[in-house]
Amino acid sequence: MNVEELINGKKSLGVESPPDSLLSPPTNQDIVHSDPTQNSQTPSDNAQELDYCICERKSCEEGEIMIQCDFCEQWFHLPCVNLSPRLIADIETYVCSACTNEQKKTIYKQRLNCHRHDYSDPNAAKKPVQAGTQIFVDHLLKKKFKDAFENGIVKKIHSGDILTRDYFEKNKFETPILIEDKTTLGFTMPSSDEIDLSKIENIVGGDYSIDVIDVERQEVYQMSITELNSYFKTEPREKIYNLISFEISKTKLTENITAPKIVEELSWVSNGVWSNDEQDNNSASKPNHIIKPEVQKYCLISAGRSYTDFHIDFGGSSVWYHVVKGDKIFYLIEASDENLKIYEEWNKLKNQSEIFLGDKIQDCYQFELKAGNTILLPSGWIHAVYTPSDSLVFGGNFLHSHSISLQLKIYEMETRLNTPEKYRFPAFETLQWYAAKFFTQILKEKNSKKECVDFKLHKNLKYLNYMLRKWITSKDYYETHDYEIPKKINCDKLVKIMNKELNKSELLLKSQVVHKKKMSTDKPQKEVLNYTNITDGIKVDADDSTESAPIKLKIKLKPMETSEQSVNQEEGGDIIDGDYVYPNLGETSAEQANCEQKSGRKRKIKPFAAHYLAPKGESLANQDDLDQDEDYFDDEEEADDNDEDFKLKVKNNLKLSNKLKKKQLKKEKLASEGKDQNDKKTTGLTPSAIGTKQKNKKGQATTKQRLGKLLKLNRIINI
């Protein structure tokens, strides 16, 4: 009986557990026949009297499965009777070829339901739907999910040229990125016309053994590439198989496939973090040797209507995923602390397959990945995948520096969930030790040059140092994890040195933050303008002296526009400071003023007293309501360095200021020495010396009051 006859003879497939006729193989050459209704067999002394399989091989390999005929009670190796483990699980009664006739034939379990992994369960009608079954898929396709593109969960870009190390350092790697044009990713990838399962069989070899998932039963079986190829050529199919764990790095297929350039640059395995110091030609023959993890190249072959339930890629690794044929529908859940906690609790449930995780999470998003598209999935994202039609995908996993904390948290979660070693990132802890050594050296170099590392990287490295310290201080760590510790690394010493360098780096980061904060809060620098640039060297009497006394003004320049700006600017360009308005002189220099004069351009300049004493709310461009009787103000006066009237007005104002200054000095001599002493050194005059309640006929401030305000302002501009 061959496989095709078995397939044609069965009614339907997909059961929970192997039938009673599927027995554990004997462990020695003494084989017996026993009651087929029993779940286990014990060899007896009369086994030598009976034949042992049609091949007459009197032994079986460890772990090899055999099947017993329910009539002649003879044992058979599965390959000898063209059976595979994935098929015998569906057999109710097995009849060997010698016993087969019209009355005796192999009987397969009948399908009694389409919503349970055990399709032959007679009590399934009252039980919930389980993930992966056809009823489940029908319900899934009717559900409504938020669109990942519309909600900004997945970033779509046409070209992958922008994806560099600098890009991820600036923008981080916390959001999935979909790239539409594969030619910009710098990787080798055959087109859909250049690769298919038959060509993969020729390249890899038909006998190459792979693990496939029976989607409806959610069980894993071994089969060869030839068997898988034969399955995909068969129509109709009564099974749905999904191949998601075919790592091709050690096959000839790896020559035709390379990972994207940015993945090679980020991955710790390929960017220099992993050390090859301890690798040698004889390492494969040594016990507990460290093997370089090969997880960057996977081939995924899925039949239509395949479904992979929610999961996080092992070790919190990130994923690159390119669709060559077909399409995929992703169901995404963000890697938040709350979602990860819910995910962990969901994994602990015994009825996990009966509960759709997307219903327990507040936001579950959906997007479609079409042929030719590539997706970069960040660390820790929870996702499920549905395959509408047959598809061929190449992808891979990688650990990197942008998600160290999250990668370690996922690894700790896997430990708490007792995840089998087979489904964990290979040499994960070894890679962490190599990363600690690598980045400790970088910290040393940065600290010696007084340079700061990236704040996000520093935070990740602190968590790495914390976890390494936790590992080595745990009980029996060196005994139970000795095979994962690089022989040339002194763990205790490395952790101490790394912690020391992190503390130095933290001080540099804090000093940088303090410096930036100080720079942001510093007042704008004041520019000293020599007033002789305007007055052309007017000599002003200071304390009755006849020496030339050019006036120097320190004025506040218009600062950069910030949210904390204390000086506001009106539409006319004037600057408001408290209750006063004064013009914005900007950064005009003497050379610029001379250039303007040469060009014949005239600027309207008013005496400085009028400029700095303009009441708030009155635009300097409209000063018609000001006191026109005051001889020092003329709205239509033009600035001219040779204007004698203008020079005279400035001189008179300064003389008046000097007289008031003398009066104030006399009063200060009688006053106590205190705060006013400092005022005398800076301005020589306080506003209290001026009658502030005097008003002119128009209700505006008198000349003395205006000049008093000017002197008050002198404290700010430091005349």
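Since the structure is predicted, the reported quantities are computational estimates derived from the model, not experimental observations.
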Does atom NZ (Lys341) have a neighbourhood of more than 12 heavy atoms from anything else shown, all under 6.0 Å?
no
Please determine which of Tyr434, Trp433, Tyr411, Trp274 meets the ring-ring contact (aromatic ring centres under 6.0 Å, His included) test together with Phe428.
Tyr411
Is the shortest side-chain N to carboxylate O distance from Lys325 to Asp193 below 4.0 Å?
no
For the student: nearest non-hydrogen atoms of Thr133 and Glu216, plus distance:
CG2-O, 4.0 Å
State, with a plain yes or no, whether a side-chain heavy atom of Ile153 is found less than 4.5 Å away from one of Phe367.
no
Can you tell me if Gln296 and Ser267 form a side-chain donor-acceptor pair at under 3.5 Å?
yes
In this structure, CG of Asn229 is separated from OG1 of Thr234 (nearest 0.5 Å) by 9.5 Å
When you check the side-chain N and O atoms of Glu247 and Ser249, is any donor under 3.5 Å from an acceptor?
yes
Side-chain donor-acceptor contact under 3.5 Å, Glu414 with Thr419:
no
Check for a donor-acceptor pair, side chain of Thr226 on one end and backbone N or O of Gly206 on the other, with a separation under 3.5 Å.
yes
State, without any angle test, whether Ser317 and Gln407 hold a side-chain donor-acceptor pair at a distance under 3.5 Å.
no
Count the heavy atoms of every other residue, nucleotide or ligand shown that sit under 6.0 Å from NZ of Lys182, and state whether that count exceeds 12.
yes
Answer yes if the ring centres of Tyr241 and Phe232 are under 6.0 angstrom apart, and no otherwise.
no
Ring centroids only, cut at 6.0 angstrom: are Tyr331 and His383 within range, meaning strictly under it?
no
Begin with the C-alpha distance, continue with both residues' side-chain angles, and end with the deciding distance and a verdict on salt bridge (Lys or Arg N to Asp or Glu O under 4.0 Å) for Arg416 and Glu344.
CA-CA 9 Å; Arg416 293 192 297 269; Glu344 183 175 359; 2.8 Å; yes
Look at the side chain of His322 and the backbone N and O of Pro260, then say whether any donor-acceptor pair between them is shorter than 3.5 Å.
no
Over 12 non-hydrogen atoms of neighbours within 6.0 angstrom of NZ in Lys170
no
Just by distance, do the side chain of Asp359 and the backbone of Ile355 share a donor-acceptor pair under 3.5 Å?
no
Parallel, tilted or perpendicular: which fits the ring planes of Phe168 and His402, with parallel below 30° and perpendicular above 60°?
tilted
Value rounded to 0.5 Å, distance of CG in Asp138 from SG in Cys114
9.5 Å
Using a strict 4.0 Å threshold on nitrogen-to-oxygen distance, state whether Arg165 and Glu265 make a salt bridge.
no
Are Lys239 and Asp90 close enough for a salt bridge, meaning some N to O gap below 4.0 Å?
yes
If you count every heavy atom of other residues, nucleotides or ligands that lies below 6.0 Å from Lys199 atom NZ, does the total exceed 12?
yes
Under 3.5 Å, is there a donor-acceptor pair between the side chain of Glu174 and the main chain of Pro378?
no
Closer than 4.0 angstrom, basic N to acidic O: yes or no for Glu368 and Lys370?
no
Ring geometry between His400 and Phe173 (parallel below 30°, tilted from 30 to 60°, perpendicular above 60°)
tilted
Side chain Asn151, main chain Asp147, donor-acceptor under 3.5 Å
yes
Please say whether the positively charged group of Arg305, taken as NZ for Lys or CZ for Arg, lies over the ring of Tyr386, i.e. under 6.0 angstrom from the six-membered ring centre and within 45 degrees of the axis.
no
What I want to check is whether the side chains of Thr184 and Asp161 have a donor and an acceptor closer together than 3.5 Å.
no
Other residues, nucleotides, ligands: >12 heavy atoms within 6.0 Å of Glu345 CD:
yes
Spell out, as yes or no, whether a donor-acceptor pair under 3.5 Å connects the side chain of Ser391 to the backbone of Thr387.
no
Parallel under 30°, tilted from 30 to 60°, perpendicular over 60°: which one fits the rings of Trp320 and Phe187?
perpendicular
Quick one: does NZ or CZ of Lys409 land under 6.0 Å from the six-membered ring centre of Tyr463, within 45 degrees of the ring axis?
yes
Pair Thr164-Asp166, side-chain donor/acceptor within less than 3.5 Å
no
Any donor-acceptor N/O pair, Asp196 side chain to Ser192 backbone, under 3.5 Å
no
Looking at Asn242 and Val215, would you say the former's side chain and the latter's main chain have a donor-acceptor pair under 3.5 Å?
no
Between Lys156 and Phe149, is NZ or CZ placed under 6.0 angstrom from the six-membered ring centre and within 45° of the ring axis?
yes
Any ion pair linking Asp390 and Arg237 (charged N to carboxylate O, less than 4.0 Å)?
yes
Residue pair Leu78 / Ile67, side-chain heavy-atom distance below 4.5 Å
yes
Side chain to side chain contact (heavy atoms under 4.5 Å, CB included) with Leu376: which of Leu163, Leu185, Val319, Thr175?
Leu163
Any idea how Tyr298 and Phe314 line up, ring-wise: parallel (<30°), tilted (30 to 60°), or perpendicular (>60°)?
tilted
What do you reckon, are the aromatic ring centroids of Tyr307 and Phe136 less than 6.0 Å apart?
yes
Under 4.0 Å between a Lys/Arg side-chain N and an Asp/Glu carboxylate O for Arg116 and Glu354?
yes
OH on Tyr423 to CG on Asp313, rounded to 0.5 Å
14.5 Å
Heavy-atom donor-acceptor pair, His115 side chain to Asn113 backbone, under 3.5 Å
no
Residue pair Glu484 / Thr430, side-chain donor-acceptor N/O under 3.5 Å
no
Donor-acceptor under 3.5 Å (Ser224 side chain, Asp207 main chain):
no
